[in-house]
Amino acid sequence: MTAKELRTMYVSFFRERGHREIPSASLLPENDPTVLFTTAGMHPLVPYLLGEKHPLGRRLTDVQKCIRTSDIDEVGDDVHLTFFEMMGNWSLGDYFKEESVSMSFEFLTRHLHIPPERLAVTVFAGDEAAPADEETAQAWKRLGLKEEQIFRYGSEENWWGPVGHTGPCGPDTEIFYDFGKPKCCESCGPACTCGKYVEIWNNVFLLFNKEEDGSLTGLAQKNVDTGMGLERVLTIFNGKTNVYETELFLPLMERLAELGAGKELPLRDRRIIAEHVRAVTFILGDPRRIVPSNTEQGYILRRLIRRIIRLFQKAGMESDCLRGLSAIVIDQYRDVYPELGENRDFILEELQKEQALFSRTLEEGLRKANRYLDSLEAGCRNEEQRGTGSPENGKPAMLSGELAFRLYDTYGFPIEFTEELARERGFAVDMGGFQRKFEEHQEKSRLASAGKFAGGLAEHSEQTARLHTATHLLGGALRKVLGEEVSQRGSNINAERLRFDFSFGRKVTKEELAQVEAMVNEAIDRKIDIVLEEMPPQEAWRSGAIGIFSEKYGDMVKVYTIPGYSREICGGPHAGNTEELGRFRILKEEASSAGVRRIKAVLERKEI
Ligand code: SER
């Protein structure tokens, strides 16, 4: 059976049972702000699970693209993926447990022809928050499952959601395929990771909403939310042992073997490359375009791409292979997910940019990282020789948070990536220390941009006010010339010059700098009055003002506008009119750290 046939078979089965098909939503959730990515088919449906009426009724079905980064460390085994397709069906206050499990049983045994004895199911055993789900256990029995095929677990296994802090949740019944291997031990069951059982479907009874304070409130309607992993079912149906043997991964795996990765790279690394290439292609191809960055979804994307590039490097492969591999994914899926075809150039360009950005610092960063790890290793050996105890006996020795932060800040190593490097050599990373360094750094940039550093914006002289206004004009001009992705990363002003750090993936050309300079001087020549308004931060953002969003603002913020050029949340002070600035001149443009450029500029007196 092909993936296409499976998708059709699933959706048709539920359509025949009164469900309406809905399209796969974006990977970036629009209806659920509690998660970064759509991790399951239910996220786009949250308002309807909470009681809003869905325009297509109370029975829905779809195939939803999902990203689950919680499984990233398992990727490379037989079945775990960061990107996968979830086939799902929902009852929004319509059918409930009995009908749900009986439809699942029918689909599995009559349509996928899985022998009932190859199934194992789990049900919720109950706890102080909610009672045991005996009803579902009995429903499974009525369908013919034997007692030894039904397992009862607590909330760690059989309570689903919410994925974020709040949202719909409830007991579930998970359906496993039993590969038929002998049990690995006395207590072997679906919760065991020995490989005998693999989860293929989860039927959740969304009865509660978890509130901010952690309490559960009953929902007005009883919902069913199910999700079945397409890649896993395809594997099982076609008698394969792992997802990489299915048509969905074969072209990528074959190409990787041709590229020589087979010789150098362990199978697990090849699988990780294939899996991550598919995931990043889908993330970049999403209609709600996101690009690699240091925050939120952009960071996950960056982390996945950089991991691929490191594995290429490990195998001695050219990082250029990345685009070719991504093109395979695009061609393979564009019929089902047309957005991949539509965004083909964007996907390949962004991969190219990120690859170029990271390749520059990767080699040097790896040398540095290895030197740190070498000295750590030498230190451990000395300690052992001195007889002060072996780190082997306790926790592994740790790479300091400060060094990990340096690798992040200067060489663009995602922290998880440094952890992986350290782990490969038997070390851990001091994550607490890293976090502290990271926060210290954030605080510095925050204070710098809020003007609270000595020598920074706090010198309220007229010259610094003028330079401050010039900084806003510079930011505005950079965004116009280089694109909206330019965002401020730091700012520092003294009586002589301004320094402005901003995100951008390459060197800014002479021509672009000249354009930026000219644009700032044009604003000066136009003698524009600078407008100051005060308003609540939400209103400021809504009105298009830029600012550091993660910062904790008070009730009211100041918004400085230089009409036609810039609108920013800022503490000030500023010049009254751009005329006061004189002549703006860029002195220097250079790299500040990975993905961040730095411009130094001055204001000179205007020649009259
Ligand atoms: N929301 C459930 C899950 O993700 C069923 O789709 O497992």
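Numbers here simply count residues along the sequence, with the first being 1. Predicted, not measured: the structure shown is a model, and the values here were computed from it. As the structure lists them, so they are numbered: ligands from 1, and atoms in each ligand from 1.
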A.B. asks: Which pairs pass side-chain hydrogen bond (donor to acceptor under 3.5 Å, both in side chains) with one or both residues in residues 116-128, sequence neighbours excluded?
C.D. replies: R118-Y177, T122-N158

A.B. asks: For residues R59 and N89, is any side-chain donor paired with an opposing acceptor at under 3.5 Å?
C.D. replies: no

A.B. asks: So if I only count non-hydrogen atoms and take anything under 4.0 Å from ligand 1, which residues does that give, chain by chain?
C.D. replies: A40, M42, R68, M86, W160, N202, V204, D225, T226, G227

A.B. asks: What residues form a salt bridge (charged side-chain N to carboxylate O under 4.0 Å, His left out) with E52, not counting sequence neighbours?
C.D. replies: none

A.B. asks: Is R344 salt-bridged to D331, going by a charged N under 4.0 Å from an acidic O?
C.D. replies: yes

A.B. asks: Please name all residues satisfying salt bridge (charged side-chain N to carboxylate O under 4.0 Å, His left out) with R152, sequence neighbours left out, ordered by chain then number.
C.D. replies: E134, E147

A.B. asks: Would you tell me whether N203 and T173 have side-chain atoms, one donor and one acceptor, within less than 3.5 Å of each other?
C.D. replies: no

